[in-house]
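Counting convention: from 1, in listed order, for ligands and their atoms alike.
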Amino acid sequence: MTILLLGSGGREHALAWKMVQSPLCQKLFVAPGNAGTDAIATNVDVSPTDFGEIKKLVIAEKIDMVVVGPEDPLVLGIYDFFLDDDYLNKIPVIGPSKLGAKLEGSKEFAKEFLLKHRIPTAAYHSFTKETLENGFHYLEKMKAPYVLKADGLAAGKGVLILNDLDEAKFELSNMLLNEKFGIASSKVVIEEFLNGIELSCFVLTDGKNYKVLPTAKDYKRIGEGDTGLNTGGMAAVSPVPFATPELLEKIENRIIKPTINGLNQDKITYKGFVFIGLIIVENDPYVIEYNVRMGDPETEVVIPRLKTDLVALFKAVAEEKLDEIILEIDERAATTIMIVSGGYPENYEKGKVISGIENVSDSIVFHAGTKSENGQVVSNGGRVLAVTSFGTDFQEAIKKSYQNINKLHFDTMYFRKDIGFDL
Ligand code: AMP
Ligand code: GLY
C-alpha cells in the first residue's frame with residue numbers, strides 16, 4: 001500500500017516509524033512531516049488542511065489510504081471531503097467524520113453526547129454572550145475552583161481554572177464578549193471542578209468494534225512540580241501505574257462501551273482513534289474531554305508499546321474487521337521526555353542546529369518541531385524532540401531517557417527533570 005500521513009509532530013513521527021515497519025506499507029508520504037519523517041518516508045510540502053492540494057497529491061501518487069494525525073483536518077471535515085468525491089471515496093481515511101470530530105471540535109456537543117449516553121462527566125451548563133447574566137448566576141451557585149471551557153478548538157489553551165469568583169466572572173465576559181479565544185469562545189461551557197487524578201485512555205474503532213490501547217499520562221505544565229504555563233505536553237508515561245485492572249474494567253464498561261454504542265446509536269461515522277481524557281475521583285472515572293486523534297506526546301509511548309502491525313490495524317479499521325485482530329502489547333513501560341525550545345510555550349527561537357542524535361542507541365528519538373536544512377537537523381517549533389525509552393518499570397525507562405538526553409544538544413534546549421515525581 002501507498003499511504004499518506006498528515007501532520008508534522010512527534011505523534012506523526014511515531015506513527016510513521018511504526019507504519020514503515022509493516023510489510024503492508026510499500027511507500028509512505030508525510031505531509032508536511034519533519035526531519036524525523038524525512039529520514040524514513042517522503043515528506044511533501046502540503047498543509048493537512050489544504051484539501052485541494054491533498055486531493056492532487058492522492059491522485060498523483062496513487063495513495064491507497066490516508067491517516068490523519070492532528071485534529072484540524074478532521075474538524076474541518078476531511079473524512080466527508082473524501083466521501084463526497086467520486087475519485088477519493090474509494091480511499092479510506094483513518095479518522096472520524098466531520099460530525100464525529102465535533103466530539104473534540106465542540107465541548108458543548110461532547111457534553112450533550114456524554115449526557116445523552118449516560119457517560120459519567122462533570123455537571124455543566126453552556127452560555128453565549130446573550131446569556132452572560134445567567135452565566136454569572138450559575139457561577140455564583142458553584143463552589144471554587146471554577147472551570148471555564150471555550151466551546152471550540154483553541155490549540156489546547158481554551159480551558160481556564162480559576163479560584164476566585166470575580167476573576168471567573170471577568171474571564172467569562174472576556175471569553176464571550178471579547179472573544180478571548182476568538183470564535184472558539186463565542187460559547188463557553190462552565191463545568192463542575194473534579195478533584196482527582198488524570199489518566200488518558202486511547203481507543204481505536206472501526207465504528208462497530210474497538211481495541212483499547214495502552215493507557216498513558218502526560219505532563220502538561222512547563223515547570224517542574226507541575227507548575228507554570230500549560231503546554232502541549234512535556235513528557236508521557238505508559239502504562240499509568242495507578243491504572244489497576246479494576247479501574248480499567250470500570251473505564252471500559254462505563255466509558256468506552258457506551259461511547260462506541262453512542263456513536264452507533266447517533267449514526268456518527270467514526271473510523272479512527274478516540275482519546276478519552278479522564279479524571280479519577282475516588283476510584284471512579286469521569287470524562288473531561290474527548291479528542292478525535294492520538295495525543296502528543298502520548299503517541300510516543302503508546303505506539304512503541306504496540307507489537308501489532310499498525311497498518312494491519314488501520315486496514316482492519318477501514319474494512320470494519322477490527323474484531324479479527326488480536327492486539328499485542330509490550331509489557332515493558334515506556335516513557336518519553338520532550339525537549340523544547342527555551343521560552344516555549346511563549347516566544348522562542350527556531351533554526352538552532354541539533355547535534356548528537358546519532359549517539360543515541362538505546363532510546364528512540366522522535367522528532368517534533370524539526371526540519372532538515374543543508375544536511376543538518378534544525379529546530380523548527382516549540383516542542384523539538386521526544387526521547388522515548390523502555391524499562392522494566394517507568395523509573396528505569398525515565399533514567400534511560402535522561403541519560404540519552406545528555407548526548408543531545410541545541411542552543412536554548414529545555415526539558416523537565418522531574419518526570420515521574422508524582423507516581
Ligand atoms: P481539557 O482541554 O478539557 O483537557 O482541559 C485541560 C485541563 O484542565 C485538563 O487536563 C484538566 O487538568 C483540567 N480540567 C478540565 N476539566 C476539568 C474539570 N471538570 N475538573 C478539574 N479539572 C479539569
Ligand atoms: N498531550 C495532550 C494532547 O495531545 O492533547
Tell me which residues fall inside the under-4.0 Å heavy-atom shell around ligand 2.
Asp218, Gly232, Phe275, Arg293, Gly295, Asp296, Pro297, Glu298

Around Glu130, counting heavy atoms of other residues, nucleotides and ligands shown, do more than 12 lie under 6.0 Å from its CD?
yes

Using a 4.0 Å cutoff against the non-hydrogen atoms of Lys149, which atoms of ligand 1 qualify?
3 (O), 15 (C), 16 (N)

Are more than 12 heavy atoms, taken from residues, nucleotides or ligands other than Lys315, located less than 6.0 Å from that residue's NZ atom?
no

Who pairs with Lys371 by salt bridge (Lys or Arg N to Asp or Glu O under 4.0 Å), at least two apart in sequence or on another chain?
Glu373

Determine whether a donor-acceptor pair (N or O, by modelled atom type, separation under 3.5 Å) exists between the side chain of Thr215 and the backbone of Val240.
yes

Number the atoms of ligand 1 from 1 as they appear, then name those within less than 4.0 Å of a heavy atom of Lys107, with their elements.
1 (P), 2 (O), 3 (O)

Counting heavy atoms under 4.0 Å, the part of Ile161 that contacts ligand 1 is side chain

Output all residues satisfying ring-ring contact (aromatic ring centres under 6.0 Å, His included) with Tyr270, sequence neighbours left out; order by chain, then residue number.
none

Using the side chain to side chain contact (heavy atoms under 4.5 Å, CB included) criterion, which residues pair with Glu328? Sequence neighbours excluded.
Lys307, Thr308

Greater than 12 external heavy atoms within 6.0 Å of Ile183's CD1:
no

Just which atoms of ligand 1 are under 4.0 Å from any heavy atom in Phe193?
20 (N), 21 (C), 22 (N)

dist Phe273:CZ -> Thr299:OG1 (nearest 0.5 Å) comes out at 7.5 Å

So that I can tick it off, tell me whether Arg416 and Asp226 are bridged by a salt bridge, with the cut-off set at under 4.0 angstrom between side-chain N and carboxylate O.
yes

Using a plain distance cutoff, I'd like to know if Leu194 has any nitrogen or oxygen under 3.5 Å from a nitrogen or oxygen of ligand 1.
yes

Just heavy atoms, cut-off under 4.0 Å: does Glu192 contact ligand 1 by side chain, backbone, both, or neither?
backbone

Is it the case that the side chains of Thr259 and Tyr290 hold a donor-acceptor pair, with the cut-off being a distance below 3.5 Å and no angle test?
yes

Backbone, side chain, both or neither: what part of Ile279 comes under 4.0 angstrom of ligand 1, heavy atoms only?
side chain

Any atoms of ligand 1 less than 4.0 Å from a non-hydrogen atom of Glu289? List them with their elements.
1 (P), 2 (O), 3 (O), 4 (O)

